[in-house]
Amino acid sequence: LIAMLAAAEDGSRVAAALPARARRFMAAFWPGPLTIIVPAREDLPEVLLGGGRTIGLRIPDHPAALALLRAAGRPLATTSANLSGQPAACTAAEAAEQLGDTVDLILDAGPCPGGTASTVVDCTVDPPAILRDGPVTAAMLAAVSPGEA
């Protein structure tokens, strides 16, 4: 699962550490399509970690998502709005078609921008490793933190 944040400083609520390179990536690409993997806090429930000790952090670049996160007042554990192996759901109708009655609520704030899954970069290894390609490229990461992506 990913912990969606309203602000970068919320990362300390779920992360055991925010390495300097992770903070540089956060400053450069958030809000936006970059998920950063960092060590998880020891007190997080196992269900959030999928058997590991890391957690993904992201600040979405969508006003409705940010408003929801601010209203919640804490990071929210989230998944994609589509079934594994299915195309990304970019509208509420597409999400409803895939998820059906497995969810209690779908927030319809219009089409999602982009349509491409976020880049995922693992900042628990040195140098950081891109685990999933997305809109933030290796060259963009390297420009922010040379030799680290």
Side-chain angles (χ1 to χ4, degrees), residues 1-19 21-41 43-124 128-141 143-145 149:
L1 295 175
I2 295 172
M4 287 285 191
L5 313 174
E9 47 278 3
D10 292 337
S12 63
R13 296 179 75 173
V14 292
L18 293 172
R21 63 184 160 255
R23 289 192 305 274
R24 286 192 293 274
F25 295 155
M26 294 162 129
F29 301 108
W30 281 0
L34 181 66
T35 300
I36 299 171
I37 307 296
V38 295
R41 284 179 40 154
D43 60 346
L44 290 182
E46 182 65 30
V47 68
L48 295 179
L49 306 177
R53 293 302 325 148
T54 61
I55 191 154
L57 307 178
R58 184 163 169 233
I59 296 180
D61 190 15
H62 193 285
L66 288 170
L68 177 64
L69 290 161
R70 288 183 189 115
R74 69 184 75 179
L76 295 178
T78 66
T79 65
S80 299
N82 62 290
L83 297 175
S84 181
Q86 297 297 312
C90 293
T91 66
E94 291 171 357
E97 183 178 317
Q98 286 191 42
L99 302 174
D101 60 2
T102 63
V103 296
D104 295 325
L105 175 73
I106 295 175
L107 175 62
D108 187 350
C112 292
T116 303
S118 68
T119 301
V120 177
V121 63
D122 185 350
C123 287
T124 67
I130 294 177
L131 303 180
R132 180 177 71 199
D133 289 322
V136 178
T137 65
M140 293 164 73
L141 292 167
V144 169
S145 192

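Values in this document were obtained by computation on a predicted structure and should not be read as measured data.
- Here the straight-line distance linking atom CG of L5 with atom OG1 of T78 works out to 9.5 Å at 0.5 Å rounding.
- The two residues D10 and P75 have their closest heavy-atom pair at O-CG, 3.9 Å.
- For CD of Q86, the number of neighbouring non-hydrogen atoms (other residues, nucleotides, ligands) closer than 6.0 Å is greater than 12.
- The two atoms that bring R58 and S118 nearest to each other are NE-CB, 3.9 Å, heavy atoms only.
- At least one side-chain heavy atom of L141 sits less than 4.5 Å from a side-chain heavy atom of L34.
- Shortest non-hydrogen contact noted between G73 and R13 is O-NH1, 2.8 Å.
- Rounded to the nearest 0.5 Å, atoms CG (L131) and OG1 (T119) are 10.5 Å apart.
- The line from OG1 of T91 to CD of E94 is 3.5 Å long, rounded to the nearest 0.5 Å.
- Residue R132 places its CZ atom among more than 12 non-hydrogen atoms of other residues, nucleotides or ligands, all under 6.0 Å distant.
- Neither side chain, R21 nor S145, offers a donor N or O lying under 3.5 Å from an acceptor on the other.
- Between the side chain of Q98 and the backbone N or O of A88, no donor-acceptor pair lies under 3.5 Å.
- Partners of L48 by side chain to side chain contact (heavy atoms under 4.5 Å, CB included), not counting sequence neighbours, listed by chain and number: L1, L44, P45, A77.
- The only option from L69, L66, T35 that meets the side chain to side chain contact (heavy atoms under 4.5 Å, CB included) definition with M4 turns out to be L69.
- For the pair R70 (side chain) and A65 (backbone), a donor-acceptor distance under 3.5 Å is absent.
- Residues P19 and A17 come closest through the heavy atom pair CD-O, 3.5 Å.
- The side-chain heavy atoms of P33 and D61, taken from C-beta on, include no pair separated by under 4.5 Å.
- Shown here for G11 and L18, the closest heavy-atom pair between the two residues is C-CD1, 4.4 Å.
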Determine whether F29 and I36 satisfy the following criterion, side-chain contact (heavy atoms from CB on, under 4.5 Å), listing intermediate values before the conclusion. CA-CA 10 Å; F29 301 108; I36 299 171; over 6 Å; no
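- The heavy-atom pair separating A117 from P135 by the smallest distance is O-CD, 3.2 Å.
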Derivation of the side-chain contact (heavy atoms from CB on, under 4.5 Å) call for L57 and W30: CA-CA 10 Å; L57 307 178; W30 281 0; 3.7 Å; yes
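- Taking CG of L99 as the reference point, atom CG of D104 lies at 11.5 Å (rounded to 0.5 Å).
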